[in-house]
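Contents: one structure, followed by commentary.
For the single chain, residues carry numbers from 1 onward in sequence order. It should be emphasised that the depicted structure is a prediction, and the values quoted were computed from it without experimental measurement.
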Amino acid sequence: MLENHFRAYNEVLNRIRIKNMQLIRLKEDWYNISGTRYDDIKIKGGKTPDIADQLHNIVEKEKELAAIINYRDELRKVHELEIDKLSDNKKRAILKLFYLDGCSIKEIACCLKISEIYTKKLKRWAVAEFNEKIIN
């Protein structure tokens, strides 16, 4: 149930990863373009030259990525405000680390300097409190 609540945030993170990979690929292709002359840059026969296309694609991907990152930041703020309504600092930290930062239980336990078993218990209690206070 709680996973559904954070689904949009996780989908945005995936979109960011994909856009980053696409941008990296475009930039790698850009570096492989050989030198060109000014006359080659002019549009000939209605065909846009490769170098202009590549540059345009890179700029567009960067704009798309910036927009998605802004949306992610807005979603994160909303979710952090929701999580901040929980009663206990450790519960808040666990939900933020698990659902917003994608940390594993083992990583969270190490970060909070508590056992994994206790981390799992706190997470269960945090999820129950979150469902009670926020979702319901």
Side-chain angles (χ1 to χ4, degrees):
M1 181 178 207
L2 195 57
E3 285 77 14
N4 289 335
H5 187 76
F6 293 104
R7 180 172 298 183
Y9 182 78
N10 289 322
E11 288 172 358
V12 169
L13 291 179
N14 286 332
R15 286 175 51 203
I16 289 171
R17 282 187 209 104
I18 290 168
K19 292 291 179 192
N20 268 328
M21 289 187 300
Q22 291 172 341
L23 187 58
I24 288 168
R25 178 69 182 156
L26 286 172
K27 286 183 178 180
E28 286 174 356
D29 289 346
W30 173 263
Y31 295 129
N32 293 328
I33 295 175
S34 61
T36 187
R37 299 177 315 176
Y38 176 75
D39 292 338
D40 295 336
I41 295 175
K42 293 180 184 174
I43 298 175
K44 296 180 181 177
K47 184 179 180 219
T48 308
D50 289 339
I51 196 165
D53 282 342
Q54 287 292 86
L55 184 57
H56 174 75
N57 289 340
I58 288 171
V59 170
E60 288 301 312
K61 288 290 180 213
E62 286 175 341
K63 287 179 184 177
E64 291 172 11
L65 183 60
I68 295 169
I69 288 171
N70 287 337
Y71 180 59
R72 180 214 48 204
D73 293 345
E74 291 173 17
L75 276 177
R76 185 175 179 104
K77 286 177 187 174
V78 168
H79 289 315
E80 284 178 344
L81 289 172
E82 292 172 338
I83 292 171
D84 285 342
K85 293 178 183 176
L86 297 180
S87 62
D88 183 63
N89 284 339
K90 284 187 180 176
K91 289 179 185 177
R92 290 192 291 267
I94 288 171
L95 289 189
K96 286 179 184 178
L97 289 168
F98 190 80
Y99 289 107
L100 301 181
D101 295 327
C103 294
S104 68
I105 293 295
K106 185 175 185 173
E107 293 168 328
I108 295 169
C110 182
C111 179
L112 298 178
K113 297 179 182 170
I114 57 178
S115 72
E116 288 182 47
I117 293 171
Y118 188 57
T119 303
K120 289 178 184 178
K121 283 182 184 180
L122 279 175
K123 182 182 172 275
R124 271 196 315 271
W125 297 336
V127 166
E129 185 178 344
F130 188 88
N131 286 332
E132 182 181 311
K133 287 186 175 181
I134 309 304
I135 295 179
N136 295 331

Practice task
Kindly check if the number of other-residue, nucleotide or ligand heavy atoms within 6.0 Å of CG (L81) is above 12?
Solution key: yes
Exercise for the section: Would you list the pairs meeting ring pair (Phe, Tyr, Trp, His ring centres under 6.0 Å) in which at least one residue belongs to residues 106-131, sequence neighbours left out? Expected result: H5-F130, F6-F130
Problem - With sequence neighbours excluded, residues passing side-chain contact (heavy atoms from CB on, under 4.5 Å) with N14 - result: R17
Problem - salt bridge (charged side-chain N to carboxylate O under 4.0 Å, His left out) partners of K133, counting only residues at least two apart - result: E129
Problem - Which residues share a salt bridge (charged side-chain N to carboxylate O under 4.0 Å, His left out) with K90, sequence neighbours left out - result: none
A side-chain contact here means heavy atoms from C-beta on lying under 4.5 Å apart; do [X] and [Y] qualify?
X: I24; Y: E28; answer: yes
X: I108; Y: L122; answer: no
X: L13; Y: N10; answer: yes
X: E62; Y: K27; answer: yes
X: V127; Y: L95; answer: yes

Quick check for you: to the nearest 0.5 Å, what is the distance between [X] atom [atom1] and [Y] atom [atom2]?
X: D73; Y: I68; atom1: CG; atom2: CD1; value: 12.0 Å
X: I69; Y: K19; atom1: CD1; atom2: NZ; value: 12.0 Å
X: K123; Y: I105; atom1: NZ; atom2: CD1; value: 5.5 Å
X: L86; Y: K96; atom1: CG; atom2: NZ; value: 9.0 Å

Problem - Distance-only polar pair, side chains of N4 and R7, donor-acceptor under 3.5 Å - result: yes
Practice task
Begin from the C-alpha positions of T119 and L112 and carry the test side-chain contact (heavy atoms from CB on, under 4.5 Å) through to its verdict.
Solution key: CA-CA 9 Å; T119 303; L112 298 178; 5.5 Å; no
Handout entry: Candidate pair E74 and V78, rule side-chain contact (heavy atoms from CB on, under 4.5 Å), full reasoning
Key = CA-CA 6 Å; E74 291 173 17; V78 168; 5.8 Å; no
Practice task
Can you tell me which residue pairs pass the side chain to side chain donor-acceptor pair (under 3.5 Å) test with a partner in residues 97-114, sequence neighbours excluded?
Solution key: E3-Y99, R76-D101, S104-E107
Problem - K61 bridged to E64 by N-O distance under 4.0 Å - result: yes
Practice task
Applying ring-ring contact (aromatic ring centres under 6.0 Å, His included), name anything that partners F98, two or more places apart in sequence or on another chain.
Solution key: none
